[in-house]
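First comes the structure, then the notes that go with it.
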Amino acid sequence: MEKKDFYEGEYMPQMHKIGKLTGLLGAVLSFLPALVLAVVYGLLPKPAALATAFISAASAFGFLWVVEPISYFPILGIPGTYLTFLSGNTSNMRVPCSSVAQEAAGVEMGSDKGSVVSTIGIAVSIIVNIVILTIGAIAGNAIIGMMPEGFKQALNFLLPALYGAVFGQFAITRPKLGVVAVVIAFAMNWLMKNGFLSFFPGTPSYVVILVAVFGSIFAGKIIYKKELED
């Protein structure tokens, strides 16, 4: 109980306080270059241009503003979510590192221990990421230029491989939900490729992702409820 009290009474309030502060600071700093151009150099874009840019970005990535926090939160935990959305590289680095760290530590995802281990895994990944990015920024082109052509092409499969590994890790523990998720994803992809989703604005890949994510959540809720009843 002492550990539980410390986690809920001291640890989590501190994480919320630091997470909100750093998140707001990160948002302000993200706009700092634009503010410098506007205030110091007087370069102000027209409102119509700003609206066009926002609509373009929102139509392409807006669904991720809803999908990613909801779908990744159970893996990342609260402190890990703060770290992840401040540092970036969410799906290709933070989520895999979080899930692998929890699996290696033998803790349950969504638990208090899982949240702490997830935070440690994400923090380490950020440090390693900074080191690798520094090396890459200095010597990246030279290193990539020395790689064989086949190896360069293989790098394109890195992200799908990471997604597959994370999915496989969860599908092993929840095979029924894994099958349902695969069926939903393949069905939605088939509908998109055959033009059944063409009435949606833009490229309807966002519809596939939204249905796959929330459909899997809904299916998981039903399966979990039936398991409790059995």
Side-chain angles (χ1 to χ4, degrees), residues 1-23 25-26 64-137 154-182 185 209 212-214 216-217 220-221 223-224 227:
M1 284 301 295
E2 291 181 1
K3 293 181 180 179
K4 184 75 172 177
D5 292 340
F6 175 79
Y7 179 85
E8 295 180 352
E10 295 187 38
Y11 176 76
M12 286 308 301
Q14 283 293 324
M15 292 300 100
H16 280 298
K17 183 178 179 181
I18 296 171
K20 290 177 181 178
L21 179 62
T22 53
L25 183 60
L64 294 176
W65 304 339
V66 177
V67 170
E68 286 194 345
I70 293 174
S71 58
Y72 295 149
F73 169 75
I75 305 171
L76 301 172
I78 294 175
T81 299
Y82 284 128
L83 280 172
T84 295
F85 287 94
L86 181 64
S87 62
N89 291 311
T90 305
S91 58
N92 62 339
M93 186 168 293
R94 309 303 171 216
V95 173
C97 287
S98 171
S99 60
V100 169
Q102 292 177 78
E103 184 181 15
V107 295
E108 182 182 356
M109 292 188 184
S111 64
D112 295 349
K113 291 181 179 179
S115 177
V116 173
V117 172
S118 170
T119 304
I120 295 172
I122 294 168
V124 172
S125 78
I126 292 172
I127 295 171
V128 174
N129 193 194
I130 292 172
V131 173
I132 297 299
L133 282 176
T134 303
I135 296 172
L155 294 176
N156 295 325
F157 296 98
L158 234 124
L159 190 57
L162 280 171
Y163 273 118
V166 173
F167 173 77
Q169 179 183 335
F170 290 105
I172 290 173
T173 57
R174 293 279 181 179
K176 292 181 181 178
L177 181 56
V179 171
V180 172
V182 169
I209 296 174
V213 169
F214 289 100
S216 299
I217 292 173
K221 185 177 180 180
I223 293 171
Y224 181 69
E227 288 176 351

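In this structure a side-chain-to-backbone donor-acceptor pair under 3.5 Å is present from S118 to L76. With Q102 contributing its side chain and C97 its backbone, the two residues share no donor-acceptor pair below 3.5 Å.
For the pair M15/E10, no side-chain contact is recorded, criterion being any heavy-atom separation below 4.5 Å from C-beta on. Between M12 and P79, the closest side-chain pair of non-hydrogen atoms falls below 4.5 Å. Under the 4.5 Å side-chain criterion, counting only non-hydrogen atoms from C-beta, I18 is in contact with Q14. By the 4.5 Å heavy-atom criterion applied to side chains, F73 and E68 are not counted as neighbours.
Expressed to the nearest 0.5 Å, how far OH of Y72 lies from OG of S91 amounts to 4.5 Å. Separation of atoms OG (S87) and CE (M93) is listed at 9.5 Å; rounding is to 0.5 Å. A distance of 7.5 Å separates CG in L86 from CD1 in I126, rounded to the nearest 0.5 Å. Annotation: the span from I70 atom CD1 to W65 atom CH2 amounts to 14.5 Å, rounded to 0.5 Å. Here the CD1 atom belonging to I223 is positioned 5.0 Å from the CG atom belonging to L177, to the nearest 0.5 angstrom.
Around atom CZ of F167, more than 12 heavy atoms belonging to other residues, nucleotides or ligands sit under 6.0 Å away.
In this structure, V117 and A105 approach most closely via the heavy-atom pair CG1-CB, 3.9 Å. Of all heavy-atom pairs spanning S216 and A181, the tightest one is OG-CB, 3.5 Å. Among all heavy-atom pairs drawn from I122 and T84, the shortest one is CD1-OG1, 3.5 Å. Between G80 and T119 the shortest heavy-atom distance is N-OG1, 3.7 Å.
With sequence neighbours left out, E8 forms a side-chain hydrogen bond (donor to acceptor under 3.5 Å, both in side chains) with K4. Qualifying side chain to side chain contact (heavy atoms under 4.5 Å, CB included) partners for K113, counting only residues two or more places apart in sequence or in other chains: V107, S111. With sequence neighbours excluded, the residues that form a side chain to side chain contact (heavy atoms under 4.5 Å, CB included) with S71 are V67, V213. Scanning for salt bridge (charged side-chain N to carboxylate O under 4.0 Å, His left out) contacts around E103 gives an empty result, with sequence neighbours left out.
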Verdict with supporting geometry, F214 and V66, side-chain contact (heavy atoms from CB on, under 4.5 Å): CA-CA 11 Å; F214 289 100; V66 177; 4.0 Å; yes

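For residues 122-137, the side chain to side chain donor-acceptor pair (under 3.5 Å) pairs, not counting sequence neighbours, are N89-N129, R94-S125, R94-N129. Within the structure, every pair that satisfies the ring pair (Phe, Tyr, Trp, His ring centres under 6.0 Å) test and touches residues 74-114, not counting sequence neighbours, is listed here: H16-Y82.
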